[in-house]
Amino acid sequence: MIDLQQQLASNLGTVQQRIKAAALRSGRQAQDVDLIAVCKYVSSDITAALVSAGCQQLGESRPQQLWDKRKTLAHLSIRWHMIGHLQRNKVQRTVSSLTMLHSGDSMRLLRAVNEATSGHRERLPVLIQVNISGEASKHGFPPQEIASLLAEISLLESLSVRGLMTMATLGASPDETRRDFERLRTLRDQLKTNCPDTIQLDELSMGMSGDFELAIEEGATLVRVGSALFEGISTD
Ligand SMILES: *Cc1c(COP(=O)(O)O)cnc(C)c1O
């Protein structure tokens, strides 16, 4: 049996190769796409092993898990990304030493995050989460509402908006999935034409284990990959 560290290094190498190949297909370089390793399925020990294997940017979708691991792994150099829905009563504890909030999914949340961040740290990088598929189960802004909110969002002086985030339609075919990603990029391009100076829209956080290559081909700059990194590893 090959050991945990070897298996993680091998999985990571495979994912990095696939990211690089997809980036080249989209006319970009491997370093134009950041891998956010989603560690929600695994313990702190396995997470630490992944950091040793060379992953420094980690994502969690549940605040409690983020808090626990941030504490347990405080001795490691990790950049934490919050990628899942954040309830407003958990904002305060989450935003300190966060690298980026991907799941800016409502005005109420953005305002709460702005308030919690104000005076405590430099501007917090956030992404506007878009419900591109329109599924009722998904969080995020309806695409057509964002243009009219940009002016208001630009007034949140403790946030630094960097781009958009989405998830593709659940269970969709590769063609439909690609169209979801293409729609996010097109939306970003449209919003850019009439965007307040303080809002940047360069980042596109899209793509998970099942679809990150499609996402990169459609312009993703951040991919959030979980299960592909932990194949062959017992997570219980
Ligand atoms: C879990 C999760 C991911 C990673 O999913 P995998 O399919 O395991 O790669 C990405 N983004 C979000 C928002 C998630 O909750």
Side-chain angles (χ1 to χ4, degrees), residues 7-8 10-19 22 33-44 46-47 49-51 53 55-69 78-87 90 94 98-106 109-110 113 125-141 162-174 176-178 180-181 184 203-236:
Q7 180 75 59
L8 282 171
S10 158
N11 291 355
L12 176 61
T14 303
V15 168
Q16 285 169 334
Q17 275 308 315
R18 290 170 60 191
I19 289 174
V33 181
D34 275 11
L35 169 64
I36 313 303
V38 178
C39 294
K40 65 186 178 192
Y41 314 103
V42 302
S43 65
S44 290
I46 297 179
T47 304
L50 185 67
V51 176
C55 265
Q56 256 84 48
Q57 305 227 65
L58 304 188
E60 287 289 342
S61 61
R62 299 240 168 90
Q64 184 71 51
Q65 271 185 308
L66 180 77
W67 304 340
D68 292 349
K69 284 190 187 157
I78 297 172
R79 293 162 60 84
W80 289 104
H81 294 250
M82 178 65 195
I83 63 169
H85 180 59
L86 184 56
Q87 289 150 298
K90 300 195 170 141
T94 302
L98 193 65
T99 292
M100 181 179 275
L101 174 70
H102 291 231
S103 43
D105 57 17
S106 70
L109 177 68
L110 291 177
V113 172
V126 301
L127 303 178
I128 299 172
Q129 182 172 347
V130 186
N131 185 355
I132 209 83
S133 68
E135 290 163 287
S137 59
K138 292 237 168 86
H139 293 282
F141 290 88
R162 300 290 175 83
L164 306 178
M165 176 273 214
T166 203
M167 273 180 278
T169 309
L170 196 64
S173 71
E176 290 167 318
T177 300
R178 184 187 288 282
D180 283 346
F181 295 145
L184 192 74
E203 307 290 349
L204 291 178
S205 170
M206 54 187 195
M208 323 200 316
S209 292
D211 55 23
F212 68 87
E213 287 148 309
L214 290 176
I216 293 168
E217 287 171 19
E218 295 301 326
T221 61
L222 300 157
V223 289
R224 309 177 310 269
V225 178
S227 35
L229 293 169
F230 303 108
E231 269 165 30
I233 289 162
S234 161
T235 52
D236 44 44

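First listed ligand is number 1; within each ligand, the first listed atom is number 1.
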**Student:** Taking 4.0 angstrom as the limit and counting only heavy atoms of S227, give me the atoms of ligand 1 inside it, by number and element.
**Tutor:** 6 (P), 7 (O), 8 (O), 9 (O)
**Student:** Is G226 in polar range of ligand 1, meaning some N or O pair under 3.5 Å apart?
**Tutor:** yes
**Student:** Return the orientation label for the H85 and H139 ring planes: parallel under 30°, perpendicular over 60°, tilted otherwise.
**Tutor:** parallel
**Student:** Checking side-chain polar atoms at under 3.5 Å, does E135 have a donor or acceptor matched by the opposite partner on N131?
**Tutor:** no
**Student:** Would you tell me whether E203 and T221 have side-chain atoms, one donor and one acceptor, within less than 3.5 Å of each other?
**Tutor:** yes
**Student:** Relative to the heavy atoms of Y41, which atoms of ligand 1 are at a distance of less than 4.0 Å?
**Tutor:** 1 (C), 5 (O), 6 (P), 8 (O)
**Student:** Among all protein heavy atoms, pick out the one at the shortest distance from atom 4 (C) of ligand 1; state its residue, atom name and that distance to 0.1 Å.
**Tutor:** R224 O, 3.6 Å
**Student:** Among all protein heavy atoms, pick out the one at the shortest distance from atom 10 (C) of ligand 1; state its residue, atom name and that distance to 0.1 Å.
**Tutor:** M208 SD, 3.2 Å
**Student:** Looking only at heavy atoms, is any part of K40 under 4.0 Å from ligand 1, and if so is it the side chain, the backbone, or both, or is it neither?
**Tutor:** side chain
**Student:** D180 and S133: side-chain donor and acceptor closer than 3.5 Å?
**Tutor:** no
**Student:** How about Q57 and R79: does a side-chain donor come under 3.5 Å of a side-chain acceptor?
**Tutor:** yes
**Student:** List ligand 1 atoms under 4.0 Å from V225, heavy atoms only on the residue side.
**Tutor:** 9 (O)
**Student:** So which heavy atom in the protein is nearest atom 12 (C) of ligand 1, and how far is it from that ligand atom?
**Tutor:** I83 CD1, 3.5 Å
**Student:** Check the pair D211 / F181 against side-chain contact (heavy atoms from CB on, under 4.5 Å), numbers first and verdict last.
**Tutor:** CA-CA 10 Å; D211 55 23; F181 295 145; 3.6 Å; yes
**Student:** State the atoms of ligand 1, each with its element, that fall below the 4.0 Å cut-off from a heavy-atom position in S209.
**Tutor:** 6 (P), 7 (O), 8 (O), 9 (O)
**Student:** Please determine whether a side-chain nitrogen of the Lys or Arg among R18 and E213 lies less than 4.0 Å from a carboxylate oxygen of the Asp or Glu.
**Tutor:** yes
